[in-house]
*Asks:* 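Questions regarding the structure given below will be posed in turn.
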Amino acid sequence: MGLSTTKFGVYNPDNPQENRITDIGPRYYWDFFPPIIQRNYGKWLYHEVLEPGVLVHVSETGEKVYTVRAGGMRIMSAAFVREICDIADRHCDGYVRFTTRNNIEFLVDSPEKVEALKKELESRKFFSGANKFPVGGTGAGITNIVHTQGYIHCHTPATDASSMVKAVMDELYNYFGSMTLPAKLRVSMACCLNMCGAVHCSDIALLGYHRKPPIIDHEWLAKMCEIPTVIASCPKAAISPGATPDGKKTVKIKDERCMFCGNCYTMCAALPLSDKEGDGVVVLAGGKLSNRISAPKFSKVVVPFLPNNFPRFPEVCETVKRIVEVYATHANKYERLGDWAERIGWEKFFELTGLPFTDHLLDDHRLAYDTYRTSTLFKYTDAAWAVSKAAGGVD
Amino acid sequence: MSFEFKPKVPQKELNYQELRIYTDEELQNPSDEELKSFKVKYDIPMLEQLESGPWPSFVADLKVEALRRRKLADDRMMISRDVVEDLLGQVELSFEHGETHWKHGGIVGVQGYGGGVIGRYSDVPDKFPGVAHFHTVRLNQPASKFYKTDFLRALADLWEFRGSGIFNLHGSTGDIVLLGTFTEQLEPIFQECAHHLSQDIGGSGSNLRTPSCCVGKARCEFALYDTQEMCYDMTMHYQDELHRPMFPYKFKFKFDGCPNGCVASIARSDLSFIGTWRDNIRIDQDAVRGYVQGDIVPNAGAHRGREWGKFDIRKEVVDRCPSGCMKYEDGVLTIDDADCVRCMHCINTMPRALRPGVDTGVTILCGAKAPILEGAQMATMIVPFMKAEPPYDNIKEVIDKAQEFWMEEGKNRERIGELIQRVGLPKFLEAVGLPPAPQHVWKPRENPYIFWKAEDVPGGFARDISDYRKRHAR
Ligand code: HEM
Ligand code: HEM
Ligand code: SF4
Ligand code: SF4
Ligand code: SF4
Ligand code: SF4
């Protein structure tokens, strides 16, 4: 029986319980594995990246599976999904997979098939000339940017996601299709502090950020929201009960306490905080989450604010590129961006990248003290001389 | 190993030719010529700047879908023909305003479930009626995101027919995300998926979120347990928690086959399961020589793009071992495994010479989260090693205890990691029934403000002031 083509399909609105199926979970993964994967499950011996975007995995059974990895837009149309299926049907017996970072992977069993597949992937272009299936994203390079929803679907963003990612990936394109960096470099993007994509442990993270406290919709607040819940929602205790001149219940916000997290807005729609000039992008760097060599670590704020210049975010692109290039020329083989910055010292990071160090980069939130230098161990850079000069210590 | 792979519920055989909604003619995409001259209903000059450049363009792609919908007959789609064009129009307006035009909130869902659907309404519905409602349905993705094209094609038809035809493949949590439909189509979509595709929806809201795992044993030599099977088993075992909110806030399981952490479980899941081993790294000395002599390319070829000079096993492996437990002498590589912290570096660098041990299991970590509210947290190591074999009863016991503790002690919208911060790790370990160990911390505490309990101290806390006064004048 085919998918229904009537308005309600198998669902009967007059008797919603009729034939209802629930709690069946996802499709069973095993049925979606290509036979070669089923045959070699758990038997893989080693792998190799043959060229950017092409992997071979060798099994103890002697079988080899070749993977061709293509970068993708994670937002895609039914038409595009069908195109993926066309390629998978033609080259991979109707199987395909997606990676955590929204790459599309096609698996085949011979080098000849790899060549045919690559040719096909590289030949497919949009009417505008953009590639549909750029091959790459492996090894010591930059793979696809994981990102969130932005203006496409979310109610809290401080910037847009899909457009920024497109703009930045256009800039980083050569790093996607090559493996010339000291180690892999992960770029991630989230459009607000909620960080649906969990960008807080990336080599470079782009984060949408609000810079103005919420606007209070006094007329509606008490009708739309429970005031005690709103007050409790603020991690900085910036919100307290208030009243309008005509006696309506509402709230007050102490602006100087607000850290623009938007949690109150999440709890109460009468407290919007997005704003054309106020909103923009924070750049963080130096995070990682593998346990390789060093422990996972958080990304650190290196640029406190860049403007939202839709649609191509030139300032963001320029900053990302600059960080990548300085890292690429200075880090040692196998050294992740954060490990490199820690080895040379963050003061050198700022000197080499030329990113300005401002008061916004000094932590004044919880546990800030952990980041203050309690030692004479530091390196001299121009920034150090500026402090000494201000103190009258040098001429 | 005699494990038999089989689903816990019957799966429909999938055959796209039987399932399909659209004919081949209807599936013809517009030609490039048509697309080049195609104007969507609104002026979108900023979005159109994103059509060029080498990286795939979601704008160009959405235009294909927009034009496809123009060509379909009225009864071949159940929501507005204009949904894609209206979405583009609204995003362009958001660029102009520098502000989103999606309304806050909106409770919609499918009967009996408290999650899986994210309600979304436009705040400019008069301008863009096609996206007046634009609800998202999250479908629970198959483990590791392998697909048969029959399934994907059927889903594409279903979603073009009952929704916008726009997907996220995939959402950050892992789900297949169907982006944008009207309220009355939610139940039909859910039941069509269940009846025809054996496919359930995923999680959202204050419940278990769709668990996800790395590619694991399917195609990675490093996998130290069956990430797919465990992810699937846990997903099925906790169906109720997945679909019916009962928690203070969201809860995520993620499954990484080894410490490389390809699904980032350590940074973004309340319980993170990372494959590990407790015996010795297996060394093939012939292959070691192969690397040293330059016959085998190091780091599996990941550095191919640049001339890094001849592979130097001392510099690149031995000296980089974080625990300094490797030696390379007289052409022989040795590892003092008792000191190895299983970071994977040497194995990643020489995968043909070194393999993890064979006595494998998982390390369990707890409490990772993004910054909201108390700041970002990395997961804290809880159980150093645990066997991970179906039916995973030992692990379910740990999960149940952790969740019980959280449900009892957690405040509304408090993630388990924040709860542990608030009450301290000792309380959590006690609740889960685990003894403390140096492995739980980087270093012992630096402040001596130790919370002793009455029962810890001889005689307890209760004392008699008059007794005290016998020895000390007032
Ligand atoms: C009502 C408010 C919220 C809405 C509507 C919302 C919406 C979403 C959406 C649509 C996704 C999937 C995103 C994607 O895959 O692109 C998501 C995932 C996520 N959200 Fe939210 N979110 C909300 C609140 C929060 C809060 C308060 C937090 C922080 C604690 C948060 C953290 C996350 C994380 C960490 C993920 C996914 C991470 C992962 O597993 O990959 N969200 N959320
Ligand atoms: C230092 C950090 C990391 C290391 C050392 C690492 C290491 C690896 C290794 C060794 C592989 C298998 C090699 C291959 O098949 O290409 C791999 C694959 C992969 N990694 Fe990572 N990884 C890291 C971080 C991440 C992060 C942060 C993510 C995403 C959130 C990620 C996502 C992936 C994905 C999607 C794959 C492909 C897995 C697959 O075959 O599906 N990795 N990584
Ligand atoms: S990161 Fe923030 S704005 Fe972006 S999708 Fe998540 S909740 Fe929405
Ligand atoms: S934005 Fe955050 S800090 Fe500011 S008032 Fe709202 S909840 Fe408080
Ligand atoms: S986490 Fe480990 S086992 Fe899983 S895919 Fe990554 S490298 Fe392989
Ligand atoms: S896995 Fe890491 S810690 Fe262990 S021997 Fe190898 S490099 Fe050293």
Side-chain angles (χ1 to χ4, degrees), chain A residues 2-3 8-11 21 23-30 32 37 42 44 46 48-49 73 75 77-81 85 88 94 97-98 100 126-128 130 139-140 151 155 157 162 166 169-170 173 178-180 195-198 200-201 235 269 274 276 289-293 310-311 333, chain B residues 5 7 9 19 21 32 35 46 50-51 53-58 60-61 64-65 91 94-95 98-100 102 104 140 142-143 145-146 149 153 156 160 165 172 187-188 191-192 194-195 200 217-218 221 228 236 239 259-261 264 267-268 300-303 305-306 345 351-352 370 373 376:
Chain A
L3 290 167
F8 292 115
V10 289
Y11 172 67
I21 299 181
D23 297 279
I24 56 172
R27 279 296 301 201
Y28 191 54
Y29 61 90
W30 187 259
F32 284 0
I37 294 295
W44 300 107
Y46 64 90
E48 197 176 321
V49 191
M73 317 157 292
I75 174 169
S77 68
F80 197 81
V81 170
C85 293
R97 83 170 281 261
F98 294 80
T100 316
F126 284 106
F127 62 89
S128 59
Y151 294 161
H155 66 297
S162 325
K166 162 69 175 149
M169 279 314 282
D170 276 344
Y173 192 70
S178 66
M179 302 189 290
T180 55
M195 284 196 194
C196 297
H200 53 292
C201 298
S274 54
K276 188 178 174 105
L289 46 75
S290 91
N291 295 275
R292 187 175 185 173
I293 303 182
F310 306 106
K333 194 176 176 187
Chain B
F5 288 98
V9 296
L19 288 165
I21 292 178
D32 284 3
L35 282 159
M46 284 191 269
L50 298 167
E51 287 174 3
W55 191 251
S57 168
F58 69 99
D61 179 42
V64 178
E65 195 62 31
V91 171
S94 295
F95 283 178
E99 290 168 3
T100 189
W102 297 112
H104 180 293
N140 190 338
K145 308 186 188 93
F146 279 87
T149 51
R153 286 185 196 277
E160 204 162 43
S172 308
E187 293 284 350
Q191 287 304 317
E192 288 291 309
H195 280 269
D200 206 340
K217 285 183 191 277
E221 68 270 30
Q228 286 94 1
M236 298 310 291
Q239 280 293 300
N260 281 331
R268 52 182 198 148
H303 286 89
R306 179 158 150 192
H345 173 64
R352 294 177 67 173
L373 292 169

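Naming convention: chains lettered A, B, ... in sequence-line order (proteins, then strands); numbering from 1 in each chain. These numbers come from a predicted model, not from an experiment. Hydrogens, waters and symmetry mates are skipped; everything else that's a heavy atom, side chains included, is used.
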*Asks:* I'd like to know if the side chain of A/Trp30 and the backbone of B/Pro7 have a donor-acceptor N/O pair within less than 3.5 Å.
*Replies:* no

*Asks:* Quick one: does A/Lys333's side chain get under 4.5 Å of B/His303's, heavy atoms only?
*Replies:* yes

*Asks:* Measure across B/Glu99 and A/Lys276 and return the closest heavy-atom pair with its distance rounded to 0.1 Å.
*Replies:* OE2-N, 3.6 Å

*Asks:* Taking the side chain from A/His200 and the backbone from B/Ala267, do they hold a donor-acceptor pair closer than 3.5 Å?
*Replies:* yes

*Asks:* Is there a donor-acceptor contact under 3.5 Å from the side chain of B/Gln191 to the main chain of A/Ile21?
*Replies:* yes

*Asks:* What are the two closest heavy atoms between A/Gly139 and B/Ala302, and how far apart are they?
*Replies:* CA-CB, 3.5 Å

*Asks:* Does A/Pro26 reach the side chain of B/Met236, with side-chain heavy atoms less than 4.5 Å apart?
*Replies:* yes

*Asks:* Among B/Pro351, B/Gly301, B/Pro188, which has the most heavy-atom pairs under 4.5 Å with chain A?
*Replies:* B/Pro188

*Asks:* Quick check for you: to the nearest 0.5 Å, what is the distance between A/Thr180 atom OG1 and B/Arg306 atom CZ?
*Replies:* 6.5 Å

*Asks:* Drop me the distance from B/His345's NE2 to A/Arg292's CZ, to the nearest 0.5 angstrom.
*Replies:* 5.5 Å

*Asks:* Side chain, backbone, both or neither: which part of B/Met46 has a heavy atom under 4.5 Å from chain A?
*Replies:* both

*Asks:* Out of B/Ala218, B/Ala156, B/Pro54, return the one with the most heavy atom pairs under 4.5 angstrom to chain A.
*Replies:* B/Pro54

*Asks:* Once rounded to the nearest 0.5 Å, what's the spacing between atom CD of B/Glu221 and atom OH of A/Tyr46?
*Replies:* 10.0 Å

*Asks:* What is the minimum heavy-atom distance between A/Phe32 and B/Pro142, and which atoms define it?
*Replies:* CD2-CG, 3.8 Å

*Asks:* Tell me if a side-chain donor or acceptor on A/Ser128 pairs with a main-chain N or O of B/Glu51 at a distance below 3.5 Å.
*Replies:* yes

*Asks:* Using every non-hydrogen atom in the two residues, find where B/Val64 and A/Ala79 come nearest and quote the distance to one decimal.
*Replies:* CG1-CB, 4.0 Å

*Asks:* Does some side-chain heavy atom of B/Asp61 sit less than 4.5 Å from a side-chain heavy atom of A/Phe126?
*Replies:* yes

*Asks:* Taking B/Glu192 for its side chain and A/Gly9 for its backbone only, find out whether a donor-acceptor pair lies under 3.5 Å.
*Replies:* no

*Asks:* Return the option, out of A/Pro235, A/Ser274, A/Ala88, A/Gly25, with the maximum number of heavy-atom pairs under 4.5 Å with chain B.
*Replies:* A/Gly25

*Asks:* Once rounded to the nearest 0.5 Å, what's the spacing between atom NE2 of B/His195 and atom CD1 of A/Ile24?
*Replies:* 9.0 Å

*Asks:* For A/Val10, is it the side chain, the backbone, both, or neither that has a heavy atom closer than 4.5 Å to a heavy atom of chain B?
*Replies:* both

*Asks:* Go through the atoms of A/Ser162 and report whether side chain, backbone, both or neither lie under 4.5 Å from a heavy atom of chain B.
*Replies:* both

*Asks:* If I measure from the heavy atoms of chain B, does A/Tyr173 come under 4.5 Å with its side chain, its backbone, both, or neither?
*Replies:* side chain

*Asks:* Between A/Phe310 and B/Phe95, how do the two ring planes meet: parallel, tilted or perpendicular, split at 30° and 60°?
*Replies:* parallel

*Asks:* Test your reading of the model: is there a side-chain donor-acceptor pair from A/Lys166 to the backbone of B/Trp55, 3.5 Å cut-off?
*Replies:* yes

*Asks:* Side chain to side chain donor-acceptor pair (under 3.5 Å) with B/Asn140: which residues, sequence neighbours excluded?
*Replies:* none

*Asks:* Are the side chains of B/Phe146 and A/Phe98 in touch, meaning some heavy atoms are under 4.5 Å apart?
*Replies:* no

*Asks:* Would you say A/Asn291's side chain and B/Pro259's backbone share a donor-acceptor pair under 3.5 angstrom?
*Replies:* yes

*Asks:* For the residue pair B/Ala60 and A/Phe127, what are the closest heavy atoms and their distance?
*Replies:* O-CE2, 3.6 Å

*Asks:* Show the nearest heavy-atom pair for residues B/Glu65 and A/Ser77, with the distance to one decimal.
*Replies:* OE1-CB, 3.3 Å

